[in-house]
Amino acid sequence: MLNLALSLAFALVAVAFVLSGWRLLAGPSAPDRILALDTLYINAIALLALLGIHQSSTLYFEAALLIALMGFVGTVALCKFLLRGDIIE
Amino acid sequence: MLEILLSLLILAGAGFTCIGALGLVRLPDFYTRLHAPTKATTLGVGSLLVASALHFSTRGAGVSLHEILVTLFLFVTAPVSAHLLARAALHLQLRSLAALPPEAGQAERDENPVDH
Amino acid sequence: MRRLLPHPFLTPALAVIWLLLVNRATPGQVLLGLALGWAIPLFTLRFWPETARMGRPLTLLRFVATVLYDIIVANLMVARLILGRPERLRPVFVVVPLALTSDLAISLLANAICLTPGTVSARLAPDRRHLLVHALDAADPEQLAAALKRRYEAPLREVFEPC
């Protein structure tokens, strides 16, 4: 039961990766691509949570936390760049 | 019983994640696309992480709540990045289906003079 | 007292975050968490220009419960809109006049608006009196602005600006 749900969930998250990857490539504008990157890193957290359950390992938690931190900082830095043309003022 | 609950949480989480990414592809303009990942994906990942916390807490090795930390962090940061993205889009005056309030884009430019 | 403990709410919050991070609740970790929660606000004092004053913890709890409930409802709604027919959407920009003045209250309001019913806060006017909100699907913009004010702003005013 749990294994079936996990397999389905892996498939769904993989589809999510492909869809946001398409938006990343298609654009058309810079904010669109940033939004796609934002979605991609959240998807990566989802994938890590699933992997953690699948392998019953808590190791992935630290990776998920780091991706959450770095992804957020990255999105903010890119948005700041679009707004200001510069990141560090 | 627990397994059913876990499976439901996992499926709902993955489903919402997928719907969020689908919205990213399907919705017509940037401002509407902005809604999909900030809402659907955040709840999707949130329920996946709750499932993970539940899974590790019931394996006999003590309560495991640190997934809650990632969830909290996501719920705090998602609105901030959405807000910043919306501001960047207004600044670049992206095409929108909704009528832009007349002075918004201009005011954004005045406040953040840029030499691109 | 004020000099030694500048942010009485931040200390326990940081301690809880520390306990979640190490994922253990032994007495030693509790003490370490409390020590960190005491030291970090003290050393970052200059980054906190205004001290938030909170009254009415019950109203705050009710506000948090409302937002959590709305997050789930909003997600189901957004999911339905995505799976439905995107060409039928009625996206709209709404200007919400603000009655709040404190920074913390305004950012909490903006965050609540972002997480809930199909709306994203897009821009705060420089005079801090208007918030531009983008709604995914709104039949009546006026009504939406009124609903946002009633549901989120009113409790926040009660908590942060008792007068």
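Convention: sequence-line order gives letters A, B, ...; per-chain numbering from 1.
- Per-residue heavy-atom pair counts under 4.5 Å with chain B were compared for A:Leu48, A:Ile67, A:Ile45, and the maximum is reached by A:Ile45.
- Using a 4.5 Å cut-off between heavy atoms, A:Ser20 contacts chain B through both its backbone and its side chain.
- Most heavy-atom pairs under 4.5 Å with chain A, from the set B:Ala14, B:Ala51, B:Ala82: that is B:Ala14.
- Within the 4.5 angstrom heavy-atom criterion, atoms from both the backbone and the side chain of B:Leu34 approach chain A.
- We find the OG1-CG distance between B:Thr77 and A:Asp38 to be 8.0 Å, quoted to the nearest 0.5 Å.
- For B:Leu24, the parts sitting under 4.5 Å from any heavy atom of chain A are the backbone and the side chain alike.
- A side chain to side chain contact (heavy atoms under 4.5 Å, CB included) with A:Leu24 is found for one member of A:Leu40, A:Ile34, A:Asp32 and no other, namely A:Leu40.
- Rounding to the nearest 0.5 angstrom, the gap separating the OG atom in B:Ser81 from the CG atom in A:Leu78 is 11.5 Å.
- With a threshold of 4.5 angstrom between heavy atoms, A:Leu69 approaches chain B through its backbone and through its side chain.
- For chain B, the option among A:Ala9, A:Ser56, A:Ala14 with the highest count of heavy-atom pairs below 4.5 Å is A:Ser56.
- Between atom CG of residue B:Leu74 and atom CG of residue B:Leu69 there is a gap of 10.0 Å, rounded to the nearest 0.5 Å.
- The distance from the CD1 atom of A:Ile42 to the OG1 atom of A:Thr75 is 8.0 Å, given to the nearest 0.5 Å.
- For B:Ile4, the parts lying near chain A are the backbone and the side chain together; criterion is any non-hydrogen pair under 4.5 Å.
- A donor-acceptor distance shorter than 3.5 angstrom exists from the side chain of A:Thr39 to the backbone of A:Leu35, with no hydrogens or angles considered.
- Among B:Ile68, B:Leu54, B:Val70, the one residue that satisfies the side chain to side chain contact (heavy atoms under 4.5 Å, CB included) test with B:Leu49 is B:Val70.
- Of the listed residues (B:Glu3, B:His55, B:Arg33), the one with the most heavy-atom contacts under 4.5 Å to chain A is B:Arg33.
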